[in-house]
Structure formats: C-alpha cells, structure tokens
Amino acid sequence: MERHEVNPLENSPLVFGRPVLPQRELLIELLDEVLASRQLSNGGVMHNRLEDALAQWVGNHVCLTSSGTMALMLALRLGNLRPGGEIITSPLSFAASAQAIEWCGFKPVFADVEHNFPTLDSKAVEKAITPNTVAILGIHFMGIACDTSALEEVANRHKLWLVFDGAQTPDVMQGEHHLAQRGDATVLSLHATKLLNTAEGGAVVVKTAEHKERLKRMRNFGLAQGQIVDIGINGKLSEIHAALGLAVFPLLPEEMRARRNLREFYSSKLANVPGVRVLCPRPNSSASHLYFALAMPENIRQACVVDATKEGIMLRDSFNLLCGPGTFFESHNIFSPTQIAVAPAIAPTLLALPMHSNISEAAAGTITAIIENCSAKHLKGQA
Ligand SMILES: *Cc1c(COP(=O)(O)O)cnc(C)c1O
C-alpha cells in the first residue's frame, strides 16, 4: 500500500507539539521480530535493545518503565525513605511530579524557584528542610536544567535522597555529560509528547549496577527467581512499546537538527522584543529541543494567545502552580528565602512556542510577528 508522507490538513491548525512518528518500515520489521519471538513483555529483545541504546545516550545505567510517572515512583522508592516523609519539590512542574510523591505516601513540600531560572532555588530548599525531610525532587523545567551542583551540595550536607525529573530535558547536556548523570537518580519520560517516545513509557537513570538491579526487581513485582524479595509493582515496558522507541531513535538527529534551526530562528527574531525575555539555558547547559519558552507580562501573553489562535496557531500558556489557592495541593504553601515567592509571579508570564520539525519558516515568521506586534501594541497603549 502506498504511504502518504504528508497529510495536507496537518498544518491547520499549527499544533504546539507533534509526536515523532516511528519509521514505518523499521517498526514493522521490529514488530515481526517480536511476533516471531512470541515474547511480548518481561524484558525481551526490543526492551533490552532500547535500554542499551538509551544507556549509551545518557552514559549511565538505565531501567525502562511503563511511564515517566512510574519511573518517578520507582526512583523515590529506591531511596529507602522513611514512610510519610517530606519531599521538597518545585511548584513549577507537570502534575506527575507532585502526584508521584503523594502516590508513594510521601508529602510534597514546595520550595520557591530562582529569579532567573524557573527551577528550584537551593536557598529556598534549605529553608524548607525539617527533621521530617527525606528527599529533594528537582524539576528540570521547560528544558531548563536545575542548579544541579547547588542542589547536590544541599542534599549531601543534609543526607537527603536527590532525584531529578528530567522528563522535559531528555537531550540536555552539561559540557560533555548528559544532564541525567546528576543526583542519585534522574527520571525520563518516553511519552508521545516528549522527544524520544514509545507512546507511553519512561526510564530511571542511575549510577550503579546495584541500583539498576534493584529497580529491575521493583518494576517486576519485587520478584527474584519467582520469590518476592523486595517491594514491587508492575512497571514494565512492553516489547511493542520498546519497538516503537527503537523505530523513533534513528529519526532523532534530523528532528533535533530541524528544532535547533527553529530555536535559532525564534531566538534571532525575539532577542530584542521589548517586554519579552527568551528563557535561556543555564550557562553550563545546552539548549533543549523540546521547548522554546518566553517570559512576558501577562497581558502581552494573553494577546499573543488570542492573535495566534485566530491564525490557527497553538501556543502553550497554561503553566499552573501545583500548590496554593484553588489547586489540589491547596493548603501547601511555597517556602521562599524572602517573604514574596517568585514562582507565582513567573507562572503567568510563561509562553511556549510550537517546537517540532513541521513548522515552515513562513509559519515561524508568523509566530514571531504576532509576538512582536502584541509587544508593540501593548507598550504603545502604556505610553
Ligand atoms: C511528561 C512529564 C512527566 C510524566 O511523564 P509520563 O510519561 O506522562 O508519566 C513527569 N514530569 C514532567 C515534568 C513531565 O513533563
């Protein structure tokens, strides 16, 4: 059957995120291999191949899981933490990070983010530490790495387990090293919305073979040679999902190249727009291929979303705080080194632009023109 590479309707509307679809011929070849093996799960050929490929990418031990959320839960349980203990995390994240803490029976405690980066402020973390604190869960948010060294220093000094949620930074490097090498464990998501995807899936990255062996037991009901020897759950990734990941992997270099070009285009057009700040990576980190984010006054942001929607372009503007009034974690406040927390001020200013390989230069130009216009209109209104 003929394969249609391009769906003529795909560009209308221009979506915010677009999953990298697997190479069809390779996927079918791999699925045939799965069928021939008659092994559909429990660490078959595809699973182990993908685990090896990912381990090579991040330069550390990798344990595949059924989702990023499952990976978070396993990474937290790996620390042998006191049940009911407090885990300090960021109010700026996707729902999964705080839910994983809660689901494991720990208590999320929210500490403020830095002024210049939307990630945990180590001074705020230190302020939130109590005798009940057992761990820190740092979130690399919107493609921007946490201050990993500062958080490692605090965790070491207070003997706390340190996990990083790297779901939004699958590709970020610190110099020669992948960001996922930091902390006691780093969690990746292989969800369809992320860069490398298995439709649903995740991974825990750890530093020792012992930790990997323990995770392998935990994700498989705590079993070893058929006996329960550890706390466990079913957190495995199937052969079908792993095959998907293997058929996406070869496409990543080209996808990343297209996204790098798009980032450069956005950056060059928006670097000097009044009121608009491009969220830059930390000086020691590479830029993400998953997000391109801006910060701007709330009214400019709203105008951008309205004007983009009229053009059939989806921007992402809902970065709600995880805690505080009107949220599920309503009674949880934000620990801040000063009286006024930074996170509630930053959240309503964030805007993420479409980031994938199916955006023409004309479409990218329309997007940056909308932002320039909204900035100009607003600032003129102010004068
Ligand atoms: C996507 C995401 C997750 C969860 O991943 P799933 O694979 O969907 O469970 C966790 N944390 C953050 C910050 C994410 O963006």
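Values reported hereafter were calculated over all heavy atoms of this structure, with side chains retained and with hydrogens, waters and symmetry mates removed. Start at 1 and go down the list; that is how both ligands and their atoms are numbered.
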Original post:
Salt-bridged, R49 to E33, with N to O below 4.0 Å?
Top reply: yes
Subject >> Numbered atoms of ligand 1 (with element) below 4.0 Å of A96, judged on heavy atoms >> reply: 3 (C), 4 (C), 10 (C)
Original post:
Among protein heavy atoms, which lies nearest atom 11 (N) of ligand 1, and at what distance?
Top reply: D165 OD2, 2.7 Å
Original post:
With a 4.0 Å heavy-atom cut-off (strictly under), which part of E200 contacts ligand 1: side chain, backbone, both or neither?
Top reply: neither
**OP:** Flag H191 as yes when one of its N or O atoms lies below 3.5 Å from any N or O atom of ligand 1, and as no otherwise.
**Re:** no
**OP:** Can you establish whether the number of heavy atoms outside K107 located under 6.0 Å from its atom NZ is more than 12?
**Re:** no
Subject >> Donor-acceptor contact below 3.5 Å, side chain E239 vs main chain G44 >> reply: yes
**OP:** Just need the protein heavy atom nearest to atom 15 (O) of ligand 1, so name the residue and atom and give the distance.
**Re:** Q168 NE2, 2.9 Å
Original post:
In terms of heavy-atom contacts, does NE2 of H115 have more than 12 from other residues, nucleotides or ligands at under 6.0 Å?
Top reply: no
**OP:** Assess A71 for proximity to ligand 1: is some non-hydrogen atom of it under 4.0 Å away?
**Re:** no
Subject >> Of the listed options A203, S90, A98, G68, closest to atom 6 (P) of ligand 1 (non-hydrogen atoms) >> reply: G68
**OP:** Heavy-atom contacts with A167 under 4.0 Å: which atoms of ligand 1 show up? List them by number with element.
**Re:** 2 (C), 3 (C), 10 (C), 11 (N), 12 (C), 14 (C), 15 (O)
**OP:** Identify, for atom 5 (O) of ligand 1, the protein heavy atom at the shortest distance, and state residue, atom and that distance.
**Re:** S189 OG, 3.2 Å
**OP:** Tell me which protein heavy atom sits closest to atom 2 (C) of ligand 1, plus the residue, atom name and distance to 0.1 Å.
**Re:** K194 NZ, 2.7 Å
Original post:
In terms of hydrophobic clusters joined by side-chain contacts under 4.5 Å, are I231 and V134 together?
Top reply: yes
**OP:** Give the numbers and elements of all ligand 1 atoms closer than 4.0 Å to a heavy atom of F94.
**Re:** 2 (C), 3 (C), 12 (C), 13 (C), 14 (C), 15 (O)
Original post:
Taking the six-membered ring for Trp, are W57 and H177 ring centroids under 6.0 Å apart?
Top reply: no
Original post:
Any side-chain donor paired with an acceptor under 3.5 Å for T130 and E86?
Top reply: yes
Subject >> Any donor-acceptor N/O pair, Q168 side chain to M142 backbone, under 3.5 Å >> reply: yes
Original post:
Can S93 be said to touch ligand 1, with heavy atoms closer than 4.0 Å?
Top reply: yes
**OP:** Pull out every atom of ligand 1 sitting under 4.0 Å from any heavy atom of S67, numbered as shown with elements.
**Re:** 7 (O), 9 (O)
Original post:
Quick check: are there more than 12 heavy atoms from other residues, nucleotides or ligands sitting under 6.0 Å from CZ of R38?
Top reply: no
Original post:
Going by the order shown, which atoms of ligand 1 are within less than 4.0 Å of some heavy atom of G201?
Top reply: 7 (O)
**OP:** Please answer whether the main-chain N or O of L251 pairs with a side-chain N or O of E255 as donor and acceptor at a distance below 3.5 Å.
**Re:** no
Original post:
Is it the side chain, the backbone, both or neither of T69 that has a heavy atom closer than 4.0 Å to ligand 1?
Top reply: both
